[in-house]
Amino acid sequence: MSTRIAFLKGHGTENDFVIVPDPENAIDLPPTAVAALCDRRAGIGGDGLLHVVRSAAHPEAKEMAAEAEWFMDYRNGDGSIAEMCGNGVRVFARYLQRAGHVAEGDIAVATRGGVKSVHLAEDGAVTVGMGKAVLPEGDVTVSVGERSWPARNVNMGNPHAVAFVDDLAHAGNLFTPPPFAPAAAYPDGVNVEFVVDRGPQHVAVRVHERGSGETRSCGTGACAVAVAAARRDGAEPAVTGTASTYTVDVPGGRLVITERPDGEIEMTGPAVIVAEGEFDAEWLGTVQL
C-alpha cells in the first residue's frame with residue numbers, strides 16, 4: 001500500500017517553494033527527489049523546497065535546538081543544499097504559524113546560515129533578521145552586450161554585484177550570467193542586480209541568480225541593493241547613526257529593507273500559503289532511480 005506524504009505550496013514575492021513537513025526527519029529527500037518535486041511540469045513546481053524539521057531531530061541543527069525549535073532544511077530547485085533563503089524563511093515561518101506551532105510575534109528559525117530571528121506581524125507581514133553585509137574592496141564591472149557599468153560588491157552570505165542603470169531593459173534577457181570583471185572577484189559566480197531609482201529611498205530591481213537565471217525575487221539580493229544604495233546616497237547607517245530603510249520593488253512584489261547603525265539588516269515582506277495536498281511516496285521512489 002502506498003504512503004501519502006503531505007506537502008504545501010507557498011511563495012514570498014513570487015519566490016515559490018514546496019513545503020514538506022517532517023518534524024522527526026523521517027522522510028528521505030535526496031537531490032533527485034527534491035528536483036522532481038520542484039519540477040514545474042512533472043512535479044509540484046517551485047524555486048526550492050522547505051523541509052520542515054525539529055532542530056533536535058536533524059544532525060546539522062542539533063546544536064541550535066536550544067535556541068530554535070525548528071530547522072529550515074532548505075534545498076534549491078535542482079536538489080542542491082543551500083545555507084539560507086530570505087524569502088524561504090518568511091514562508092517557513094508562515095507555515096509554522098498556519099500549523100499552530102508558533103503564534104504571532106517573535107520566533108527563531110535555525111538555518112545552515114545560523115539562527116535567524118523572525119517576526120510575524122498582525123497585518124501578515126513577516127520580518128527576517130538577515131545579518132550584516134560585507135563589502136569587499138576592489139572595483140567590479142558588469143556587462144550586457146556593449147554596455148557595462150561599475151558595480152558594488154556586496155556579500156550577504158552569498159555574493160552580489162549591484163549595478164545602477166538608467167533602464168531595467170538594459171539588463172537584457174538575463175537567461176545567461178552577465179559577464180563581470182575581474183574574474184577573481186567572484187570565483188564561484190555571482191548574483192547580479194540591475195537597479196533603477198523610483199523615488200527617494202525607493203528602487204526597482206531585476207536580478208540574475210547564479211544557477212537559476214532571472215527570478216521573480218531574491219531576498220539577499222534586495223538586501224544587497226539596499227546596502228549599495230545607502231552607500232551611494234551617503235546614508236550609511238554606521239556613519240550617520242540613523243537606520244536606513246529602502247523600498248525594493250522586485251518583479252514579484254515589494255520588499256522593505258532596513259539597515260541599522262550596528263549593521264544588522266532586516267527584510268520585511270509577504271509570505272503566502274497557496275495550497276496543500278499529498279503526493280505518493282511510491283512515485284517519489286521511481287524518480288530517484
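In this text the structure is predicted, and so the values were computed from the model without any measurement. Quick note: residue numbers are just sequence positions, from 1. Worth knowing before you read on, the calculation uses all heavy atoms, side chains too, and leaves out hydrogens, waters and symmetry mates.
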- Please report the C-alpha distance between His202 and Arg254 in whole Å, then the side-chain angles of each, then the deciding distance to 0.1 Å, and finally whether the side chain to side chain contact (heavy atoms under 4.5 Å, CB included) criterion is met. CA-CA 10 Å; His202 182 186; Arg254 174 169 289 178; 3.5 Å; yes
- Side-chain touch Thr141/Phe180, heavy atoms, less than 4.5 angstrom: no
- Is there a side-chain contact between Val203 and Val196, using heavy atoms and a 4.5 Å cut-off? no
- Candidate pair Val89 and Tyr74, rule side chain to side chain contact (heavy atoms under 4.5 Å, CB included), full reasoning: CA-CA 9 Å; Val89 172; Tyr74 180 68; over 6 Å; no
- Query: For the residue pair Ala68 and Ser55, what are the closest heavy atoms and their distance?
  - Reply: O-OG, 2.8 Å
- Message: Nearest 0.5 angstrom please: Glu63 CD to His58 NE2, how far?
- Response: 13.5 Å
- Query: In Å, rounded to the nearest 0.5 Å, how long is the span from CD of Glu14 to NE2 of His11?
  - Reply: 6.0 Å
- Compare every heavy atom of Val227 with every heavy atom of Leu135, then report the nearest pair and how far apart it is. CD1-CG1, 3.9 Å
- Task: Output the distance between atom CG (Asp22) and atom CG (Leu50), rounded to the nearest 0.5 Å.
- Result: 13.0 Å
- Task: Looking only at non-hydrogen atoms, find the nearest pair between Val140 and Pro182 and report the distance.
- Result: CA-CD, 4.4 Å
- Electrostatic pair Glu278:Arg4 at N-O distance under 4.0 angstrom: yes
- Query: Under a 4.5 Å cut-off applied to non-hydrogen side-chain atoms, are Val195 and Val162 in contact?
  - Reply: yes
- Charged N to carboxylate O below 4.0 Å: is that the case for Arg260 and Glu266? yes
- Message: Please say yes or no: joined through hydrophobic side-chain contacts below 4.5 Å, possibly via intermediate residues, are Leu255 and Phe17 part of one cluster?
- Response: yes
- Mind checking the CE-CE spacing from Met267 to Met156? Nearest 0.5 Å is all I need. 8.5 Å
- When you measure from the side chain of Asp39 to the backbone N and O of Ala42, does any donor-acceptor pair fall under 3.5 Å? yes
- Is the shortest distance from a Lys or Arg side-chain nitrogen in Asp233 or Arg231 to a carboxylate oxygen in the other one below 4.0 Å? no
- With rounding to the nearest 0.5 Å, note down the distance linking CG in Asn15 to SG in Cys85. 5.0 Å
- Is the side chain of Arg94 donor-acceptor paired with the backbone N or O of Ala271 at a distance under 3.5 Å, no angle test? yes
- Task: Measure the shortest side-chain to side-chain distance between His51 and Asn25 over non-hydrogen atoms and say whether it is less than 4.5 angstrom.
- Result: yes
- Item | Backbone N/O of Pro270 and side chain of Arg90: donor-acceptor pair under 3.5 Å | yes
- Task: Apply side chain to side chain contact (heavy atoms under 4.5 Å, CB included) to Asp106 and Val118, showing your working.
- Result: CA-CA 6 Å; Asp106 297 325; Val118 181; over 6 Å; no
- Is there a salt bridge (charged side-chain N to carboxylate O under 4.0 Å, His left out) between Glu276 and Arg98 once you walk through the steps? CA-CA 11 Å; Glu276 59 182 311; Arg98 179 190 177 101; 2.7 Å; yes
- Message: When you measure from the side chain of Asp262 to the backbone of Glu264, do you find a donor-acceptor pair of N or O atoms at a distance under 3.5 Å?
- Response: yes
- Query: Tell me, do Lys116 and Met130 make a side-chain contact under 4.5 Å, heavy atoms counted?
  - Reply: no
- Item | Exercise: identify the closest heavy-atom pair between Ala228 and Phe164 | C-CZ, 4.0 Å
- Message: According to side-chain hydrogen bond (donor to acceptor under 3.5 Å, both in side chains), who are the partners of Arg198, at least two apart in sequence or on a separate chain?
- Response: none
- Would Trp149 and Phe194 count as a close aromatic pair, with their ring centres under 6.0 Å? yes
- Task: May I ask you to decide if Asp16's main-chain N or O and Asp47's side chain share a donor-acceptor pair within less than 3.5 Å?
- Result: yes
- Message: Pairing donors with acceptors under 3.5 angstrom, does anything connect the side chains of Thr13 and Ser217?
- Response: yes
- What heavy-atom pair brings Arg206 and Ala171 nearest, and what distance separates the two atoms? NH1-CB, 3.8 Å
- Query: Is it true that atom CG of Asp139 has more than 12 heavy atoms of other residues, nucleotides or ligands lying nearer than 6.0 Å?
  - Reply: no
- Pair Arg232 + Asp197, salt bridge at N-O below 4.0 Å: yes
- Query: Transitively linked via ILVMFWY side-chain contacts under 4.5 Å: Leu174 with Val192?
  - Reply: yes
- Query: Heavy atoms, side chains only, cut-off 4.5 Å: are Val20 and Val52 in contact?
  - Reply: no
- Message: Quick one, Phe7 with Ile19, criterion side chain to side chain contact (heavy atoms under 4.5 Å, CB included). Give me CA distance, side-chain angles, the key distance, then yes/no.
- Response: CA-CA 5 Å; Phe7 78 91; Ile19 306 162; over 6 Å; no
- Message: Determine whether Thr268 and Thr127 satisfy the following criterion, side-chain hydrogen bond (donor to acceptor under 3.5 Å, both in side chains), listing intermediate values before the conclusion.
- Response: CA-CA 4 Å; Thr268 300; Thr127 298; 2.6 Å; yes
- Message: I'd like to know if the side chain of Arg75 reaches the main chain of Ile81, judged simply by a donor and an acceptor atom lying under 3.5 Å from each other, with no hydrogens or angles considered.
- Response: no
- Message: Ignoring hydrogens, what is the shortest heavy-atom contact between Phe71 and Phe92? Give both atom names and the distance.
- Response: O-CZ, 3.4 Å
- Message: Using the rule that Ile, Leu, Val, Met, Phe, Trp and Tyr join whenever any side-chain heavy atoms are under 4.5 Å apart, tell me whether Leu49 and Ile273 fall into a single cluster.
- Response: no
- Task: Apply side-chain hydrogen bond (donor to acceptor under 3.5 Å, both in side chains) to the pair His160 and Asn155, showing each step before the final yes or no.
- Result: CA-CA 6 Å; His160 296 267; Asn155 194 294; over 6 Å; no
- So do the side chains of Leu120 and Val102 get within less than 4.5 Å of each other, counting heavy atoms only? yes
- Task: Indicate if Ile107 and Leu8 have the same hydrophobic cluster label, given that clusters are the connected sets of ILVMFWY residues with side-chain heavy-atom separations under 4.5 angstrom.
- Result: yes
- Task: Report yes if the side chains of Leu37 and Leu29 come closer than 4.5 Å at any heavy-atom pair, otherwise no.
- Result: yes
- Query: Any chain of hydrophobic side-chain contacts (each under 4.5 Å) joining Val126 to Ile265?
  - Reply: yes
- Query: Under the 3.5 angstrom rule, does the side chain of Lys9 hit a backbone N or O of Gly45 as a donor-acceptor pair?
  - Reply: yes
- Message: With rounding to the nearest 0.5 angstrom, report the OG1 to CE distance, Thr111 to Met72.
- Response: 5.5 Å
- Is Asn173 atom CG crowded by more than 12 heavy atoms from other residues, nucleotides or ligands, each under 6.0 Å away? yes
